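Data first, discussion second: the structure below is written as structure tokens.
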Amino acid sequence: MTLHLYDSASRELRPLDPVVPGRVGIYHCGLTVQGPPHIGHIRKELVFDVLRRWLERSGLEVTIIANVTDIDDKILAKGRERGESWFAVAYENERALHAAYEVLGCRPPTYEPRATGHVPEMIEMIEALIERGHAYPATDGSGDVYFDVRSWPDYGELSNQRIDDMQAAPDAPADGKRDPRDFALWKGRKDDEPESASWPTPWGRGRPGWHLECSAMAAKYLGTEFDIHGGGLDLRFPHHENELAQSRAAGQAFARVWMHNAMLNLGNSKMSKSVGNTLTVAEVVKRVPAIALRYYLIAAHYRSIIEFSEQSLAEAATAFERIEGFCLRAAELVGAGEPGDVPADFAAAMDDDLSVPAALAVLQATIGEGNRLVADGASVALADTLASARAMLDVLGLDPLTWATQGESSATADALGQLVDALVAARAEAKAAKDWNRADELRDQLTAAGIELEDTPSGTRWNLKGGH
RNA sequence: GGUGGGUUGGCCGAGAGGCGAGGCAACGGACUGCAAAUCCGUUUACACGGGUUCAAAUCCCGUACCCACCUCCA
């Protein structure tokens, strides 16, 4: 079976049929870097990270392009408000995004083109659209250039809407547009905007319209026809609809499959800055191990809304501890080994539109089997089970044994290890002397410091609770 | 007004006509000096009202509520 994905354009499950056999080109809309990423933003990154890992494990060569929108109204406004340059704001938040990728174990995209670095490509595209009669410079002298939605009969095909049914934007009539739904390909520079935020074009100085950058950059890095275009469901209209119209109107085939992930809600509405219900990745990772946050955000199907709650986050962290506990215990018995093959059921689940919940059920069954084997000590069967579990965890980016062992320096870790080992040894002596009060006192002391003890037939294991 | 999606047990979360996904929590048991961890077992479901069918959480009709988009948004 090959991977089937739900295509939001045709609204059906479709088999992946790469433009170039053996290779997959994916474009997903990155962030407008106007603030640090919140956990809703990062959900999208995780979806595509898992997709990428699964495709690679299936033997495909994957190219992922994720744009960085480093200029827009909000970035300019924030710069003004803070008395900083717009590009300082954009870059600061781009670095925060990369930090979030890293801490959650997302492998970086193949490339992350910035909008401001692709003005020539955009100009070429606008020229092509004007020549073909699908775009026109604003009649009011603003320097804007608009896409003419009435000139493109398929406009609305992605979101299944007809132009006449759409609510007109409230500010539309004034802008020198032929139709209120026409959207900006290019925005003329306004007097109060910094000179550095504009680029020369045949239509005067200005800056990119949001939608155009993705069309231009996708074509540059993936070609005029590519496999998968993705992003959050909130981008389907107008952003993706407009991208599709532009690119097709310019004569390109564009994306074969459109993939949209559902939102992460907090308090019954989408997490977003304008609602004010955001939790940044940096904040949440202070409360719960990053790997547990990753588990939480991945565990639900990507097309299901996640209603965020502290309780469900905490439960996810507990659930993941069982998985982690098995890997650590098994690795102590038989060595970490290498990830092996993924069970057929797991593969079938992943091939079915990335059904991570079903895939996790397979993983949980493997963990249960593994824990039974652990009780009997080292065995070939245990080594095989661990290899299988690790293969599945690797696809999900959740393998505790390869998860970045960042954190404390080894000197700190050594010092901690010696101290804990000494206390564990003291407890063992107390136990041997049947001095249960002393033994429990030592255990309580360690627990209070965040060290968990686990007595096994072969001695006492310990680990730092939430130690990632 | 238009376009999509949703409502499942104490909680999270799959499934899309017939065998009770899975996890968390709870309870009982095994193990333990006692715990923890682990294993075994048990308990609680398909928003509401109709209909189709031998059989409906799943299909159809209606109702209620929720989310997203039509304006910047992952």
Side-chain angles (χ1 to χ4, degrees), chain A residues 8 11 28-32 34-35 37-48 66 69 72-74 77 156 158-172 181 183 210 230-241 260-265 268-275 295-296 299-301 303-307 309 311-323 325-326 329 345 349 355-365 367-375 431 434-437 439-440 443-444 447 452-457 460-461 463:
Chain A
S8 1
R11 289 173 292 283
H28 62 84
C29 288
L31 285 193
T32 300
Q34 45 134 331
H38 63 241
I39 57 176
H41 292 136
I42 213 70
R43 180 183 189 190
K44 189 265 300 179
E45 310 299 345
L46 291 170
V47 166
F48 286 94
T69 302
D72 87 321
D73 292 353
K74 286 186 179 172
L158 179 64
S159 54
N160 193 29
Q161 300 182 92
R162 290 179 312 158
I163 294 175
D164 292 320
D165 287 338
M166 295 175 191
Q167 279 177 359
D171 62 332
R181 289 85 170 181
F183 58 89
W210 177 36
L233 189 54
D234 54 352
L235 295 187
R236 194 172 54 139
F237 190 93
H239 184 52
H240 289 334
E241 186 75 69
H260 290 105
N261 62 280
M263 299 291 96
L264 182 137
N265 288 7
N268 262 350
S269 67
K270 175 176 83 167
M271 184 169 284
S272 81
K273 262 203 127 176
S274 50
V275 180
Y295 178 86
Y296 175 64
H301 188 94
R303 288 193 285 118
S304 294
I305 292 170
I306 295 178
E307 184 64 49
S309 77
Q311 191 196 338
S312 54
L313 176 63
E315 281 176 8
T318 309
F320 186 72
E321 279 173 19
R322 175 163 173 265
I323 295 167
F326 163 71
R329 264 176 275 126
D345 289 356
S355 295
V356 174
L360 281 174
V362 178
L363 174 67
Q364 295 288 1
I367 300 296
E369 170 67 17
N371 276 328
R372 263 168 258 137
L373 290 167
V374 163
K431 281 174 69 174
K434 297 200 189 301
D435 182 353
W436 310 125
N437 286 339
D440 290 349
R443 184 170 62 198
D444 291 346
T447 305
E452 277 182 333
L453 296 187
E454 194 180 313
D455 289 339
T456 74
T460 300
R461 299 179 63 238
N463 64 284

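No experiment lies behind these values; they were computed from the predicted model shown.
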Criterion side-chain contact (heavy atoms from CB on, under 4.5 Å) on V275(A) and M271(A), from CA distance to verdict
CA-CA 7 Å; V275(A) 180; M271(A) 184 169 284; over 6 Å; no
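- Checking N160(A) against G40(A), the closest nucleotide of RNA chain B that is more toward the 5' end is the one next to N160(A).
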Treat primed atoms plus P, OP1 and OP2 as sugar-phosphate and everything else as base, then score nucleotides 16-31 of chain B 5' to 3': B for base contact with protein heavy atoms under 4.0 Å, S for sugar-phosphate contact only, - for none.
-----BSBSS------
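- Closest contact between the side chain of R372(A) and the listed nucleotides C40(B), G15(B), A74(B) involves C40(B).
- For A30(B), the paired base is U38(B) (Watson-Crick or G-U wobble, both distances below 3.5 Å).
- I42(A) comes within 4.0 angstrom of nothing in the nucleic acid, heavy atoms only.
- Among the heavy atoms of the strands lying under 4.0 Å from G231(A) are primed sugar atoms or P, OP1, OP2 only; no base atom is included.
- For the pair R236(A) CZ and C72(B) P, the interatomic distance rounds to 16 Å; values are reported in whole Å.
- In this structure, T456(A) reaches neither bases nor backbone, as no heavy-atom distance under 4.0 Å exists between it and the strands shown.
- The F237(A) side chain lies nearest to C69(B) when the options are C69(B), A74(B), A14(B).
- Across all their heavy atoms, K44(A) and G30(A) have their closest contact at NZ-CA, 3.5 Å.
- Taking 4.0 angstrom as the limit, N265(A) places none of its side-chain polar atoms (N or O) nearer than this to OP1 or OP2 of C67(B).
- The nearest heavy atom of RNA chain B to A300(A) and to H240(A) marks one nucleotide each, and the one closer to the 5' end goes with A300(A).
- As rounded to the nearest Å, C61(B) and U52(B) have C1' atoms that lie 11 Å from one another.
- Atom NZ of K273(A) and atom C1' of A74(B) are 14 Å apart (whole Å).
- Within the 4.0 Å cut-off from OP1 or OP2 of C34(B), not a single side-chain nitrogen or oxygen of R443(A) is found.
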Between H41(A) and L264(A), does a side-chain contact (heavy atoms from CB on, under 4.5 Å) hold up when you go through it step by step?
CA-CA 9 Å; H41(A) 292 136; L264(A) 182 137; over 6 Å; no
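- H260(A) comes within 4.0 angstrom of nothing in the nucleic acid, heavy atoms only.
- The neighbour count for R11(A) CZ, taken as heavy atoms of other residues, nucleotides or ligands under 6.0 Å away, is above 12.
- Nucleotides G17(B) and G41(B) place their C1' atoms 32 Å apart, quoted to the nearest Å.
- Closest approach of M166(A) and R181(A) over heavy atoms only: O-NH2, 2.9 Å.
- Distance R162(A) CZ to G1(B) P: 15 Å, rounded to the nearest Å.
- Ring geometry for F320(A) against Y295(A) counts as tilted: the plane angle lies between 30° and 60°, on a 0 to 90° scale.
- Taking atom CZ on R11(A) and atom P on G5(B), their separation rounds to 8 Å, with Å as the unit.
- Among C39(B), A74(B), G2(B), the nucleotide with an atom closest to any side-chain atom of Q161(A) is G2(B).
- Atom P of nucleotide C34(B) and atom NZ of K431(A) are separated by 11 Å, given to the nearest angstrom.
- Residue N261(A) places none of its side-chain N or O atoms closer than 4.0 Å to OP1 or OP2 of A74(B).
- Proximity of a side-chain donor or acceptor of R329(A) to a complementary backbone N or O of V374(A) within less than 3.5 Å is not detected.
- For D440(A) against G33(B), a side-chain-to-base donor-acceptor contact under 3.5 Å is present.
- Distance E452(A) CD to U38(B) C1': 13 Å, rounded to the nearest Å.
- Atom P of C69(B) sits at a distance of 26 Å from the matching atom of C59(B), rounded to the whole Å.
- The same atom, C1', is picked in U44(B) and in A36(B); the two are 27 Å apart, to the nearest Å.
- Whole-Å rounding puts the Q311(A) CD to G13(B) P distance at 11 Å.
- Note on T32(A): a side-chain N or O is less than 4.0 Å away from OP1 or OP2 of A74(B).
- Among the protein residues, S304(A) comes within range of the sugar-phosphate backbone only, with heavy atoms under 4.0 Å from sugar or phosphate atoms but none that close to a base.
- The side chain of D455(A) has A35(B) as its nearest neighbour among A35(B), G33(B), A74(B).
- Counting to the nearest Å, the P atom of U71(B) and the CG atom of L235(A) are 14 Å from each other.
- Taking the C1' atom of each, A30(B) and A45(B) are spaced 30 Å apart, rounded to whole Å.
- Base pairing analysis places A68(B) opposite U3(B); the two distances defining the Watson-Crick or G-U wobble pair are each below 3.5 Å.
- Across all strands shown, G17(B) has no partner, as no Watson-Crick or G-U wobble contact with both distances under 3.5 Å is found.
- Taking the P atom of each, G10(B) and C60(B) are spaced 28 Å apart, rounded to whole Å.
- For C69(B), the OP1/OP2 oxygens have a side-chain nitrogen or oxygen of K270(A) closer than 4.0 Å.
- Distance check on atom P: U42(B) versus A47(B) gives 26 Å, rounded to whole Å.
- Both distances falling under 3.5 Å, in either a Watson-Crick or a G-U wobble arrangement, place G10(B) opposite C24(B).
- Here the separation of G6(B) from A16(B), taken at their P atoms, is 12 Å to the nearest Å.
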